Amino acid sequence: MTGSKALMRALQAEGVKTIFGYPGGAIMPVYDALFDYTRGDKKCFDHILVRHEQAATHAAEGYARVSGEVGVALVTSGPGATNTLTGVADAMMDSTPMVVIAGQVAINALGTDAFQEVDLVGVAQPISKWSYQIRHAKDIAWAVSRAFYIARSGRPGPVVLDFPRNAQVEEVEWEPQRVDFVRSWVPYPQLDDAMVRQAAALINSAKRPLALVGQGVELGNAQEELKAFLEKADIPAGRTMLGLSALPSNHPLNVGMLGMHGNYAVNLKEQECDVLIAIGMRFSDRVTGNLKTYARQAKIIHLDIDKSEIDKNVKTDVAVVADCKESLPAITALIDENNHHEWRESFRPLDEKERQKVILPAIHPSDGPLLMGEVVNAVAEATKGEAVLVTDVGQNQLFATRYFKFHRQRSICTSGGLGTMGYGMPAAIGATFATDRTVCCFMGDGGFQMCIEELGTIMEQQAPVKMILLNNNYLGNVRQWQDMFWMRRKSFTKMMNPCYELIARGYGISYEAVTDRATLGAAIERMLSADGPFILECAIKEDDDVLPMTPPGMNVDDMMLEINA
């Protein structure tokens, strides 16, 4: 068979069901082979034709984050390949398993500046787990199996396969291969019993323990192991943005979201705890603030599958390097049943202070224009914690992650480390192919227009994305920083926006606008009960600010509940 058909067989062998892609000249033999695998009785794959290659990667990310499987993107060479690089970098930062397969000119034309030639392996290598050029058809089975093994094993991430045209058309005898080993790479480190004992001893001696829960718990499918650990030792737990659905929002030990715009109590209590247990999180700058003052009073226990994260930002006292699916039960077996009632109760006055100063005014304003917080809260109440949250980047992301509710695992898709505007809509498309749950996508007017062409994908697929457009006619997050730190000099953040109703009508997508809070609840119900996709545009107060906030570079305990005039 041809190399292109061999690729189809290799993808079948990896259990691929959905491919997000965009054809072009250098990948045309593969698309010709794909034709037979997407139709009739022999149908093996759903191929989702996106409108931009970057969207293919974000859709693959959304699919991977919700399904737990490897997302797949298929594109052509040159600009098609380079358009995927933002998604590759995004997946690398957020540990999302993805395989990007890109066409390439034939190997005898490499280095000649042939039409749509680019050194994809070279440019992708620093931002991927592995990038490789399949130069001959005989290498396809091995390369694809290795790519999927690397993408999904250990700390997940993106892999890029460069596929020259000659390898696509060469004849090859199909021989399946299974790669489950890469020399010198240990994706699942052996659990060190001594470190487990040291961690348990510290936890047993703690008077004020605090757990920081990251996405690693979700990636390791260790949600139940986490609950057993926390409940036995009675440890309050904060969650990172990407780890929000690792612990149900209504769990009694959940004390809120960490980070620059997280909850007041949990951020301040990081500076009071005596033992801090970080589980599957990487101590990003948005969580720690000023590293020189961060949690200096605490003994630090760090559970992570990736050894490179240990001591990278925060010096640890005990490092347990292993899959948290394995390390959490091992520690749980050695810790004492405990009661930290007094410590947990000390969070309440700070929670109440935030509730009175920030939360109630944000979700139940008495008058004035609509606020982002009240829209998010209304959607969260209507979906009862059962929906998948997808966000774009900016104020929409920060309000959505603060006020949405999660009762089920793998319920959040957002661009964390890279902060990619334009991520939201295509990631939401991918999420709809991974689940039959309601998918709610919050976007600002800036991010919406960065991916507006994907309304065509939604139209064609009738992907049932519920799009909540929070329109304040500004690049809101930049505007807030300009107001706070740049003397209110609003340099190029005011936006002139199109008529979104006409755009929705052009794509045949249901649309409704809300300008008055009296009609908000009914409009949300109509959106959620409608079949197929829906755009709900909400006219938001232009200078709505996200609070609390730890100013960049400041100490965690400098978190602000209000902005001084």
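A quick note: this is a predicted structure, and the numbers were derived from the prediction, not measured. All residue numbers in this chain count up from 1 along the given sequence.
- Side-chain contact of N290 with N555: a donor-acceptor pair under 3.5 Å is present, judged by distance alone.
- Of the possible polar contacts, one joining the H261 side chain to the P548 backbone as a donor-acceptor pair under 3.5 Å is found.
- Proximity of a side-chain donor or acceptor of H407 to a complementary backbone N or O of K384 within less than 3.5 Å is detected.
- With hydrogens and angles disregarded, a donor-acceptor distance shorter than 3.5 Å links the side chain of R437 to the backbone of E386.
- Heavy-atom neighbours of K490 NZ from other residues, nucleotides or ligands within 6.0 Å: above the threshold of 12.
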- Query: After noting the C-alpha distance and the side-chain angles of T240 and L212, does the key distance pass the side chain to side chain contact (heavy atoms under 4.5 Å, CB included) rule?
  - Reply: CA-CA 7 Å; T240 67; L212 311 184; 5.7 Å; no
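- Taking every heavy atom of both residues into account, C273 and Q297 meet most closely at O-NE2, 2.9 Å.
- By the 4.5 Å heavy-atom criterion applied to side chains, W481 and M549 are counted as neighbours.
- Under a 3.5 Å cut-off, the side chain of D336 and the backbone N or O of N204 do not form any donor-acceptor pair.
- Atom CE of M241 is separated from atom CZ of R239 by 11.5 Å, given to the nearest 0.5 angstrom.
- In this structure, L398 CG and M372 CE are separated by 9.5 Å, a value rounded to the nearest 0.5 Å.
- For K299, the NZ atom sits in a loose shell: 12 or fewer heavy atoms of surrounding residues, nucleotides or ligands are nearer than 6.0 Å.
- Looking at T414, N396, T401 one by one, the single match for side chain to side chain donor-acceptor pair (under 3.5 Å) with T391 turns out to be T414.
- At a cut-off of 3.5 Å, with distance as the only test, no side-chain donor of D94 or Q215 sits close to an acceptor on the other residue.
- In this structure, E352 does not pair ionically with R348, as no charged nitrogen and carboxylate oxygen lie closer than 4.0 Å.
- Smallest separation of non-hydrogen atoms from L475 and M495: CD2-SD, 3.5 Å.
- A donor-acceptor distance shorter than 3.5 angstrom exists from the side chain of S249 to the backbone of F406, with no hydrogens or angles considered.
- Annotation: cation-pi pair K269/F347 present, NZ/CZ under 6.0 Å from the ring centroid and within 45° of its normal.
- C441 has its side chain out of reach of K466: every pair of non-hydrogen atoms, C-beta onward, lies at least 4.5 Å apart.
- Here the closest non-hydrogen pair linking A64 and G71 is CB-N, 3.8 Å.
- A heavy-atom distance below 4.5 Å is found between the side chains of L418 and T86.
- In this structure, the side chain of Q480 does not engage the main chain of Q395 through any donor-acceptor pair within 3.5 Å.
- Taking the six-membered ring for Trp, F448 and Y500 have ring centres closer than 6.0 Å.
- Between I301 and D317 the shortest side-chain heavy-atom distance does not fall below 4.5 Å.
- Of the possible polar contacts, none joining the Q409 side chain to the S245 backbone as a donor-acceptor pair under 3.5 Å is found.
- The residues E562 and K357 are annotated as salt-bridged, a charged nitrogen and a carboxylate oxygen being separated by less than 4.0 angstrom.
- I127 and P158 get closest at one heavy-atom pair: O-CG, 4.0 Å.
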- Item | Candidate pair E460 and R51, rule salt bridge (Lys or Arg N to Asp or Glu O under 4.0 Å), full reasoning | CA-CA 11 Å; E460 183 172 344; R51 298 317 192 248; 2.8 Å; yes
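- Checking R282 against S95 by side-chain atom types alone, no donor-acceptor pair falls below 3.5 Å.
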- Message: As a quick check of understanding, evaluate side chain to side chain contact (heavy atoms under 4.5 Å, CB included) for I277 and L303, giving each step before the final call.
- Response: CA-CA 8 Å; I277 309 118; L303 280 62; 4.2 Å; yes
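- In terms of heavy atoms, S415 sits closest to Q397 at O-NE2, 3.0 Å.
- With contacts defined as side-chain heavy-atom distances shorter than 4.5 Å, the pair K315/I300 does not qualify.
- When side chains are defined from C-beta on, L547 counts as touching I563, because their heavy atoms get closer than 4.5 Å.
- To the nearest 0.5 Å, atoms CG (L520) and CG (L370) are separated by 6.0 Å.
- Note on D483 versus R479: salt bridge recorded, some NZ/NE/NH1/NH2 to OD/OE distance being below 4.0 Å.
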- Are I509 and I458 close enough, and set up right, to give a side chain to side chain contact (heavy atoms under 4.5 Å, CB included), and what steps lead you there? CA-CA 8 Å; I509 295 173; I458 290 175; 3.9 Å; yes
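- We find the CD-OH distance between E270 and Y294 to be 3.5 Å, quoted to the nearest 0.5 Å.
- Side-chain polar atoms of Y63 and E69 form no donor-acceptor pair below 3.5 angstrom.
- Here the shortest heavy-atom pairing between F534 and R526 reads CE1-O, 4.2 Å.
- Surrounding CZ of F492 are at most 12 heavy atoms belonging to other residues, nucleotides or ligands under 6.0 Å away.
- Aromatic ring pairs are classed by plane angle as parallel below 30°, tilted from 30° to 60° and perpendicular above 60°; the pair Y403 and F399 is parallel.
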- Full working for side chain to side chain contact (heavy atoms under 4.5 Å, CB included) between M421 and D392: CA-CA 6 Å; M421 288 181 69; D392 207 82; 3.9 Å; yes
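- At distances below 3.5 Å, at least one donor-acceptor pair connects side-chain atoms of K325 with backbone N or O atoms of N221.
- Distance CD/E537 to OG1/T515: 10.0 Å, rounded to 0.5 Å.
- The structure places CZ of R488 at 8.5 Å from CG of D543, a figure rounded to the nearest 0.5 Å.
- For the pair E542 and K494, the salt-bridge criterion is met [side-chain N within less than 4.0 Å of a carboxylate O].
- Two residues are said to be in side-chain contact when any heavy atoms from C-beta on lie closer than 4.5 Å; P552 and F485 meet this criterion.
- Other residues, nucleotides and ligands place no more than 12 heavy atoms under 6.0 Å from the CD atom of E342.
- Under the 3.5 Å distance criterion, the side-chain polar atoms of R344 are left unmatched by any main-chain donor or acceptor of I235.
- By the 4.0 Å N-to-carboxylate-O rule, R517 lies too far from D367 to be salt-bridged with it.
- Open room surrounds NZ on K353; 12 or fewer heavy atoms of other groups in view lie less than 6.0 Å from it.
- Other residues, nucleotides and ligands contribute at most 12 non-hydrogen atoms within 6.0 Å of the CG atom of D531.
- Q223 and E218 form a side-chain donor-acceptor contact under 3.5 Å, judged by distance and modelled atom types alone.
- Side chains of T332 and E225: a donor-acceptor N/O pair is absent below 3.5 angstrom, by distance only.
- In summary, the side chains of N497 and Q449 do present a donor paired with an acceptor at a separation below 3.5 Å, with no hydrogens or angles considered.
- Side-chain N or O atoms of Q271 include one that pairs as donor or acceptor with a backbone N or O of A295 at under 3.5 Å.
- At least one side-chain heavy atom of V358 sits less than 4.5 Å from a side-chain heavy atom of R402.
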